[in-house]
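Before any comments, here is the structure.
Letters A, B, ... mirror the listed sequences (proteins, then strands); counts begin at 1.
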Amino acid sequence: MSENEPELDENDVAEIFEKSENKKELHLFDKFDPSLKHVLVFTKAGKPVWARHGDEEVTSALMGILYTLFSIVEENDDELHEIELGGGRKMVYYHVEPLILVAIGFGTGKQMNFELQIVRDQILSLISGGEIKRRYEMNSTFDLRRYISGSERFLHSICDSIETDPAFFLQSIQLIPLQASKRDQIGSILSSCRDPGDEPGLVFSLLCLDSRVLCMCQDKNIPKFHPIDILLLLNLLKNQQSLKDSEVWLPICLPRLEESYSLQAHISYIPESDDRMCLVLISNNRSPDTFHELRKVKDNIAKKLASKKLIHCVLESAENYVTTDAGIPQIKHFMYCSNSNNQVTVPAGFDGDTLARYRALFSMITSGEVKLLYRSNIQSVNVITEIGMAKQKKKTRRTVQQVRIDRLNRRGPGGLFDQHDQNEASTMDQTGDSRWSDLTTSTIASTAPAPQPIQERDSN
Amino acid sequence: MASRKKVLLKVIILGDSGVGKTSLMNQYVNKRFSSQYKATIGADFLTKEVLVDDRMVTLQIWDTAGQERFQSLGVAFYRGADCCVLVYDTTAPNTFKSLESWRDEFLIQASPRDPDNFPFVVIGNKIDLENRAVTPKRAQAWCAAKNDLPHFECSAKEATKVDEAFVTIARAALQQEADTELYKEVPERVDLRRNDAARSNSGDCAC
């Protein structure tokens, strides 16, 4: 046994790394399926919080190494953001005290960073950022993993959704299609049913169907609810079937609105809809009394929905939303995103391939110069045209299909895209409450009364 | 509520270079021993699941480099440790003397909440060798002076008492961890408006 301590010089160090036994850290990456996108979350003490793939023994050791790399850079008063792994793979760091998130996979740094932000948001929705910080500051040995254990499915599900649901990359809410007049009726019901308590806490009402949004209203005095927060709520509904069993009163943090504290959610399903329609009422008053007040609100809303026969109407409308509803036979599929409302509508007939195409289109269009592009087939780009709306704000994300839909909107083909003048004044008239605003009614309705027939032609 | 869940504990192994930190860890986790010395560069990480008093515990063992040239990452490695293992070589008295400074160094860098009661476990390694130079009595006296630190004499080579030492480590860390469970302080009503004021400068606040 060599007992004496050899003094190492740089060459020795290099040699040690060369010996296969010492390369086990490098081999750890081999145990990771390179075709998968990996997400690893650990604390500023290097303690594992969550890993999307891989068994604990491997991920826990890998997190130690990822943490070491981060710390080495931090020692030099710098911050590690990205490491190229070769072959198009990269490793992206996202750090907000006291959490470090790392994504490993293919994609742009920006996109991976965005995904890590959403993973962090999902963790925060389970235990608020303020709570994590307070616990960590009090005790850096704080084991966050214990607080999210049992809730890992929310994290897995949101990672799947990031890859498959267009709502995420467009940062928008996908709505159930519904006649504007019906949606208005629901909107006015939601905004007229308010918390009657002495200290009303209700700040947001959301009505969903099969974890997709029908209508939502919020208190105008607080910042507008962020689409990511609403997607977190939908993710909760989607993955917690037990919520259907009873009325639930649970703390939830909506980090884009307020990450320091949790708010309180009253969640109930409407039996008349076969437990498909769900009402979420968010309160900033955590006192147990608020639960009883919100229960009254819920009863009131359910009663009004039933009496106006809106439930059946919604269930019917939610079925069979297809591309041809838009009335333009040339369109194979479309996705319309209203940037001002952060809402997107996507008819059925949508799969992973379609999404990949949309992603590609989207990244081209958001790259700046390209405003409209046309492809005769998937393989080759035939024409890329600049069209005259480059300087208009909030229209930079329009795709060919979106432009068409906009035209369609102006024309008002009836049915789904009912011409409907929807402005805030009329909302107030209906609800009689200027402090409460309906976020959904103006989704697809247009304010421009210019019913000019537009000649739809093939872009060839 | 949280007590039934699996616990993860961060364990740091410290000591002079060549005392056998990596060997102890390897013996414990992989049941392997190699007599060939190789320096740990920076740190090594291994995890091991262990059942302590009916609780499943995952030990995340951070094996640090004893050599000073690799010591620059002190704070980063020590931060958030649940237990610290101090290792010396029973045949080399100077490695035993160093324990004092390793301990101080750890307490300064990691700055645990309650330094007097932070769980340290002391391991004297290499008792399989004949040329012992640190007596058990001397080691125990030092441990007793430091608030009764648990002390083990082990051989990584022959696996003597290695498992026992690590169970003690896990138990000590677990104890520390259980003490910090009680905490609650949240306002009943969350003020969402202040954000609004900050963002839009609209002065009207109707509560």
Side-chain angles (χ1 to χ4, degrees), chain A residues 1-6 8 12-13 16-17 19 21-22 25 43-48 56-57 60-65 67-68 70-72 74-75 130-131 134-136 138-143 145-147 149-150 199 201 203 219 221-223 257-258 260-263 284-287 435, chain B residues 2 5-10 16-18 34-39 41-49 58 60 62 66-67 69 72-73 75-77 79-82 89 91-92 110-113 157 173 176-177 180 183 185-193 195-196 199-200 204-207:
Chain A
M1 192 191 305
S2 64
E3 290 296 321
N4 52 338
E5 298 169 19
L8 296 171
D12 293 332
V13 174
I16 286 170
F17 265 118
K19 284 184 191 164
E21 265 186 287
N22 286 292
E25 289 89 348
T43 70
K44 204 63 194 297
K47 282 194 170 191
E56 193 179 40
E57 202 178 309
S60 171
L62 181 66
M63 287 187 213
I65 291 155
Y67 173 71
T68 307
F70 183 86
S71 303
I72 289 168
E74 199 184 40
E75 285 286 307
E131 187 79 1
R134 284 190 291 278
R135 285 181 181 276
Y136 186 79
M138 201 178 69
N139 180 12
S140 59
T141 69
F142 167 55
D143 187 5
R145 200 176 66 154
R146 294 172 56 204
Y147 294 85
S149 98
E199 281 195 65
V203 291
D219 186 336
N221 292 310
I222 61 171
L257 179 69
E258 170 60 77
S260 300
Y261 299 105
S262 289
L263 303 174
N284 65 346
N285 189 342
R286 300 161 56 96
S287 97
R435 284 181 50 201
Chain B
K5 290 175 183 164
K6 203 159 82 176
V7 187
L8 183 122
L9 301 170
K10 176 174 174 176
D16 284 358
S17 71
S34 160
S35 62
Q36 206 190 352
Y37 174 83
K38 56 179 198 261
I41 299 177
D44 249 334
F45 309 89
L46 281 177
T47 49
K48 168 110 174 163
E49 292 209 334
T58 309
Q60 186 193 27
W62 297 54
Q67 296 197 351
R69 55 183 293 145
S72 67
L73 284 169
V75 192
F77 283 144
R79 193 190 283 139
D82 293 285
D89 178 349
T91 66
S111 50
R113 277 180 316 135
K157 188 178 181 182
Q176 180 81 354
E177 185 265 341
T180 62
Y183 180 77
E185 189 193 307
V186 271
E188 186 164 272
R189 196 180 176 89
V190 181
D191 187 5
L192 297 169
R193 245 156 287 240
N195 282 353
D196 196 29
R199 274 177 219 170
S200 65
D204 57 326
C205 177
C207 194

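Separating the CG atom in D219(A) from the CG atom in L192(B) is a distance of 9.0 Å, to the nearest 0.5 Å. Interatomic distance, CG of D143(A) versus CG of L9(B), reported as 7.5 Å (0.5 Å rounding). Taking CD from Q60(B) and NZ from K47(A), the interatomic distance works out to 8.0 Å, rounded to the nearest 0.5 Å.
With a 4.5 Å cut-off on side-chain heavy atoms, D191(B) and Y261(A) do not count as touching. Here the side chains of V190(B) and R286(A) are in contact, with some heavy-atom distance below 4.5 Å. Residues T58(B) and S60(A) form no side-chain contact, since every pair of their non-hydrogen atoms from C-beta on lies 4.5 Å or further apart.
In this structure, no portion of F142(A) lies under 4.5 Å from any heavy atom of chain B. No part of F70(A) comes within reach of chain B, as not one of its non-hydrogen atoms sits under 4.5 angstrom from that chain.
Contact detail for A45(A) and G80(B): the closest heavy-atom pair is CB-CA, 3.7 Å. The minimum heavy-atom distance linking P48(A) with L8(B) is given by the pair CD-CD2, 3.5 Å.
In this structure S287(A) satisfies the side chain to side chain donor-acceptor pair (under 3.5 Å) test together with T290(A), sequence neighbours excluded.
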